[in-house]
2 protein chains.
Amino acid sequence: MALPPWQPCPIRDVLDRIGDQWSLLILEALGRESVMRFNELSREVEGISRQMLSRTLKRLEQDGFVGRTVYAEVPPRVEYALTELGHSFLGPMRALVAWADGHHDQIRDARTAYVAREGS
Amino acid sequence: MALPPWQPCPIRDVLDRIGDQWSLLILEALGRESVMRFNELSREVEGISRQMLSRTLKRLEQDGFVGRTVYAEVPPRVEYALTELGHSFLGPMRALVAWADGHHDQIRDARTAYVAREGS
DNA sequence: CAGGATCCCGTTAGATACTG
DNA sequence: CAGTATCTAACGGGATCCTG
């Protein structure tokens, strides 16, 4: 989502980061386990490719949601964890997820009702 | 965001709808005014094109967030308002927006700190 | 183990022009 | 007033292969 030249909107700025396909799911996983490694995450976040995991983690790191620690070992070990900022985001995020779970049926019903009214 | 064949995830399902560039801003506007007409919305939601407003409203209507009432008049009058489902969404949405407003600076700081560390 | 590089395609969103 | 149609550039995301 390319930001047009007008003033930076905080809402959109945050939504651009967490509105993609994977960010929320990664944050949710990290919210459960507190510290996770790369392949651990790729197993936990079902369906994600390594590339998207890598990209999304990097963006979350850039924006301060996630911290990344590299250990100088062989084989390499990299650990990801929520930062304080990331933790503070869990509250509103879980409220949103809870709402989504609770109203998913209504949304699906609305969709079928819509196609029944308007067709396709 | 094309849903892969595995089971429909409520979180992603909701996020696909409200995670785009305009939905949240439209819902926020409708949350303030309770009833709005098309051109009123296009003025209120700054920067949106008529086309994107039209498309996004239609999707929000399909998913039951927004109701649409057409009056058989000349010139035509169409009013948009939140449904009950839409209203129930305002709570978690505002929690998210408040978080975004409150932590926007930290995110921007994290970004500049990142480029200072890693470069570009 | 933890990624990066490349290719490729479907979707998104902007601009512009047109309509009932 | 309240939209729709078309065209196009940009982006997201999957698959595959390669590396330190």
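Chain letters run A, B, ... following the sequence lines, proteins first and then strands; every chain starts at 1. All values reported here derive from a predicted model rather than from experimental measurement.
- Every residue meeting the ring-ring contact (aromatic ring centres under 6.0 Å, His included) condition with A:Phe89, not counting sequence neighbours, appears here in chain and number order: A:Phe65, B:Trp99.
- Rounded to an integer number of Å, the gap from B:Leu57 CG to D:dG3 P is 8 Å.
- Considering only side-chain N and O atoms, B:Lys58 lies nowhere under 4.0 angstrom from the phosphate OP1 or OP2 of D:dG3.
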All N/O contacts under 3.5 Å from nucleotides 5-8 of chain D to the protein, with atom names and distances to one decimal?
unit_1 : atom_1 : unit_2  : atom_2 : d
D:dA5  : N6     : B:Gln51 : NE2    : 3.3
D:dT6  : O4     : B:Gln51 : NE2    : 2.5

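- Near DNA chain C, meaning a heavy atom under 4.0 Å from it, residues 26-44 of chain B has no residue at all.
- Legend: residues meeting side chain to side chain donor-acceptor pair (under 3.5 Å) with A:Ser54, ordered by chain and number and at least two apart, are absent.
- The interatomic distance linking A:Asp20 (CG) with C:dA13 (P) rounds to 13 Å, in whole Å.
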Exercise answer: donor-acceptor pairs, residues 70-77 of chain B side-chain atoms, under 3.5 Å, sequence neighbours excluded:
unit_1  : atom_1 : unit_2  : atom_2 : d
B:Tyr71 : OH     : B:Glu79 : OE1    : 3.2
B:Glu73 : OE1    : B:Arg77 : NE     : 3.3
B:Glu73 : OE2    : B:Arg77 : NH2    : 2.8
B:Arg77 : NH1    : B:Glu79 : OE2    : 3.1

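- An angle of 50°, rounded to 10°, separates the two end axes of the helix from C:dC1-D:dG20 to C:dG20-D:dC1, each defined over five pairs.
- For B:Arg94, there are no side chain to side chain donor-acceptor pair (under 3.5 Å) partners two or more places apart in sequence or in a different chain.
- OP1 and OP2 of C:dC1 both lie 4.0 Å or more from every side-chain N or O belonging to A:Tyr80.
- Residues passing the salt bridge (charged side-chain N to carboxylate O under 4.0 Å, His left out) test with B:Glu84: none are found, sequence neighbours excluded.
- Partners of B:Arg111 under the salt bridge (charged side-chain N to carboxylate O under 4.0 Å, His left out) rule, at least two apart in sequence or in another chain, are A:Asp13, A:Asp63.
- Contact annotation: B:Ser54 side-chain N/O to D:dG3 OP1/OP2 distance is not under 4.0 Å.
- Evaluation of the side chain to side chain donor-acceptor pair (under 3.5 Å) rule for A:Thr83 yields no partner, not counting sequence neighbours.
- Pairs of residues two or more places apart, or lying in two chains, never qualify as ring pair (Phe, Tyr, Trp, His ring centres under 6.0 Å) while including a residue from residues 24-51 of chain A.
- Every residue two or more places apart in sequence or in another chain was checked for a salt bridge (charged side-chain N to carboxylate O under 4.0 Å, His left out) with A:Glu33, and none qualifies.
- In this structure, A:Arg59 atom CZ and D:dG13 atom P are separated by 7 Å, rounded to whole Å.
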